[in-house]
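Take a look at the structure set out below.
This chain uses plain numbering: 1 for the first residue, then up along the sequence.
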Amino acid sequence: MKSGKPIKKTDKELWALIDDRIANRMYLFKEHAKKRLEERKIIDLAVLNILRNKLKRKRKKSKDKYESPHMDWNYCIEGNDIDDKKTRIIVSFNKQLMLIITAMHIHLGK
């Protein structure tokens with residue numbers, strides 16, 4: 001088995017993996033995510049709805065980041081919740097699960 005930095009997933013691979021993990025309930029909200037969701041008043045169902053929403057979810061590739069301690073990429077997905085608040089979600093994967101790392105509302109003022 002080759003060691004080192006894994007190749008980043010294509011959009012097609014990422015969407016298929018997200019859809020599969022949600023459909024099969026193979027996801028986990030990490031402790032950090034649970035804490036941040038509570039602080040930011042974001043419900044877990046909103047996160048899952050954004051990840052599932054094939055028409056409006058978008059990948060923000062510039063925010064994807066390789067995490068060497070975890071030996072995988074963190075992927076940035078953005079979409080709007082039911083209240084039309086723009087939300088950013090960071091996910092990663094291990095062999096069995098999609099790991100939901102964090103979620104936050106994005107404020108679009110400059």
Side-chain angles (χ1 to χ4, degrees):
M1 181 172 194
K2 189 176 176 183
S3 63
K5 192 174 183 178
I7 296 171
K8 201 190 293 191
K9 291 168 183 48
T10 65
D11 288 352
K12 186 176 179 179
E13 292 168 330
L14 181 61
W15 300 139
L17 197 52
I18 288 171
D19 294 343
D20 175 73
R21 294 300 191 266
I22 292 174
N24 292 296
R25 296 180 183 228
M26 296 173 62
Y27 55 86
L28 173 71
F29 284 85
K30 301 284 286 181
E31 284 304 315
H32 175 82
K34 290 177 186 177
K35 194 175 193 179
R36 295 298 177 255
L37 290 175
E38 185 177 334
E39 290 171 1
R40 296 168 178 158
K41 299 188 182 355
I42 301 171
I43 60 172
D44 55 359
L45 187 57
V47 170
L48 294 173
N49 283 338
I50 290 167
L51 291 173
R52 269 193 293 235
N53 186 343
K54 297 174 185 179
L55 298 175
K56 296 200 178 190
R57 67 183 178 190
K58 291 187 175 37
R59 178 174 178 185
K60 183 90 173 182
K61 289 182 185 178
S62 65
K63 298 283 185 184
D64 288 352
K65 182 178 172 188
Y66 177 69
E67 292 291 333
S68 61
H70 303 293
M71 299 302 291
D72 199 3
W73 284 89
N74 285 353
Y75 296 93
C76 180
I77 312 298
E78 294 181 352
N80 293 345
D81 68 11
I82 196 164
D83 295 323
D84 210 31
K85 289 182 183 173
K86 189 164 182 148
T87 304
R88 177 175 295 151
I89 302 161
I90 307 298
V91 300
S92 190
F93 300 90
N94 66 21
K95 290 181 182 179
Q96 296 89 17
L97 300 171
M98 173 174 64
L99 306 172
I100 300 167
I101 310 296
T102 197
M104 66 203 76
H105 292 302
I106 304 168
H107 304 286
L108 298 176
K110 288 195 178 191

Taking atom [atom1] of [X] and atom [atom2] of [Y], what is their separation to the nearest 0.5 Å?
X      : Y     : atom1 : atom2 : answer
Ile101 : Glu67 : CD1   : CD    : 8.0 Å
Asp81  : Asn49 : CG    : CG    : 9.5 Å
Ile90  : Lys65 : CD1   : NZ    : 9.5 Å

Can you name the nearest heavy-atom pair linking [X] to [Y], along with the distance?
X     : Y      : value
Ala33 : Ile100 : CB-O, 3.2 Å
Ile7  : Trp73  : C-NE1, 4.0 Å
Gln96 : Asn94  : N-OD1, 2.9 Å

Any donor and acceptor pair, going by atom type alone, linking the side chain of [X] with main-chain N or O of [Y] inside 3.5 Å?
X     : Y     : value
Arg57 : Leu51 : yes
Asp64 : Cys76 : yes
Tyr75 : Lys9  : yes

Have Thr87 and Arg40 got a donor and an acceptor in their side chains that come within less than 3.5 Å?
-> no
Would you mind checking if Lys54 and Asp19 are paired as a salt bridge, meaning a charged N to carboxylate O distance below 4.0 Å?
-> yes
Pair Glu78 + Lys58, salt bridge at N-O below 4.0 Å | no
Greater than 12 external heavy atoms within 6.0 Å of Glu38's CD =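 Result for CD/Glu38: open.
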Other residues, nucleotides, ligands: >12 heavy atoms within 6.0 Å of Lys8 NZ = yes
